[in-house]
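Contents: one structure, followed by commentary.
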Number of protein chains: 2
Amino acid sequence: MPAIVALPCMCASLRRAARALTQLYDDALRPLGLRATQFTVLQALSLAGEVSQGELGQLLVMDSTTLTRTLRILSAQGWIENRPGKDRRERWLRLTSAGHHQLKRATPRWERAQARLRSRLGDARWHELLKVSTEVIGGILESAED
Amino acid sequence: MPAIVALPCMCASLRRAARALTQLYDDALRPLGLRATQFTVLQALSLAGEVSQGELGQLLVMDSTTLTRTLRILSAQGWIENRPGKDRRERWLRLTSAGHHQLKRATPRWERAQARLRSRLGDARWHELLKVSTEVIGGILESAED
DNA sequence: CGGATTTATATGTATATACATCTATTCTGC
DNA sequence: GCAGAATAGATGTATATACATATAAATCCG
């Protein structure tokens, strides 16, 4: 096993960690034909309830046009549905019952991946990483204001 | 500015942070026609010296076949060159002088992005995040051994 | 009210990413 | 040394991602 060398660039370091994490979660979810990213969208919709595509993009800090393609895949699987709102430019998204079911089926595997990682990291670093990976975004969005 | 909501999934949280970071660094490097990912490869090669594609993949925790495409772009720009090693399956990679020059040109912009983020985050969290984002990978690779 | 502006999403395009598979090469056991 | 296994990288394919631009709808202002 190669030792993991620190990188001086925060962006490179976080992207690298994200790649490694994605491997772990993708492996866990692969038997269900679900990618980590797709699981994230299902879980986010389950937590957020009915939201517009733009709101989902804000929640995930993801360009809302990027979501167009991912949502199309999830729609094709029958896991989400969308309908126009009063403002007919918007699309309101929610899980279908098949989507709820798929999320439910995937959740134990996701929990095992989380638990495995958490036990390897230790609770302190686990919470630390979860917290800082959320906080760091604020620092970036502030900068972008100007 | 939307408040950033914590996500329960570590993978989702890290991927989201990586997207946000990538925005910041891409914005900083855009005037040079360089993506954050490409900068990462140039910087990694500068730090690592001449390495094979596989070794670079290990350093970045990136599938070495993924590198094939990125390296092609950097080669087309004249920033890297590769030659076969004694083992003729391998490709040994290194920066060209144009590559060194491009890295040098990009470095001040990268440093400003790093400094901006670091001052927003504070030194403690900056170091924390850099450390944990490196350590978390070990936890994953161990799991994958079995 | 109506034209100009803004906004939400879709589409075209380029890069990032991994996996399955393929080819060329090296290594291993005999 | 050779046949079979293992390895390095290339290629095909699918998804992830952002940006520029297009389209449609809403809002603003005179």
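Excluded from the calculations below are hydrogen atoms, water molecules and symmetry mates; all remaining heavy atoms, backbone and side chain alike, are included. Numbers restart at 1 for each chain; the letters A, B, ... are given by sequence-line order, proteins then strands.
For B:R105, there are no salt bridge (charged side-chain N to carboxylate O under 4.0 Å, His left out) partners two or more places apart in sequence or in a different chain. The salt bridge (charged side-chain N to carboxylate O under 4.0 Å, His left out) test applied to A:K131 returns A:E135, not counting sequence neighbours. Scored by the salt bridge (charged side-chain N to carboxylate O under 4.0 Å, His left out) test, B:R109 finds no partners at all (sequence neighbours excluded). Take A:R112 and apply the salt bridge (charged side-chain N to carboxylate O under 4.0 Å, His left out) test, not counting sequence neighbours, and it matches no residue. Applying the side-chain hydrogen bond (donor to acceptor under 3.5 Å, both in side chains) rule to A:R88 yields no partners; only residues at least two apart in sequence or on another chain are considered. Shown here are the side-chain contact (heavy atoms from CB on, under 4.5 Å) partners of B:S64, two or more places apart in sequence or in another chain: B:Q53. The side-chain hydrogen bond (donor to acceptor under 3.5 Å, both in side chains) test applied to A:H101 returns no partner, not counting sequence neighbours.
The stretch residues 84-96 of chain B touches DNA chain C through B:K86, B:D87, B:R88, B:R89, each having a heavy atom within less than 4.0 Å of the strand. Within a heavy-atom distance below 4.0 Å of DNA chain D, no residue of residues 100-115 of chain A is found.
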Between the protein and nucleotides 14-18 of chain D, which nitrogen or oxygen pairs are less than 3.5 angstrom apart?
from   : atom 1 : to    : atom 2 : distance (Å)
D:dT15 : O4'    : A:R35 : NH2    : 3.4
D:dA16 : O3'    : B:R15 : NH2    : 2.9
D:dT17 : OP1    : B:R15 : NE     : 3.4
D:dT17 : OP1    : B:R15 : NH2    : 2.7
D:dT17 : OP1    : B:R19 : NH1    : 3.0
D:dA18 : OP2    : A:D63 : N      : 3.1
D:dA18 : OP2    : A:T66 : OG1    : 3.0
D:dA18 : N7     : A:T66 : OG1    : 3.2

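Using a 4.5 Å heavy-atom cutoff, the side chains of A:T40 and A:R35 are not in contact.
Among residues at least two apart or in separate chains, salt bridge (Lys or Arg N to Asp or Glu O under 4.0 Å) pairs with a member in residues 48-64 of chain A are A:E50-A:R83.
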What donor-acceptor contacts under 3.5 angstrom involve side-chain atoms of residues 69-77 of chain A, with partners at least two apart or in another chain?
from  : atom 1 : to    : atom 2 : distance (Å)
A:S75 : OG     : A:L71 : O      : 3.2

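Rounded to a whole Å, the CD atom of B:Q58 is 12 Å from the P atom of D:dT7.
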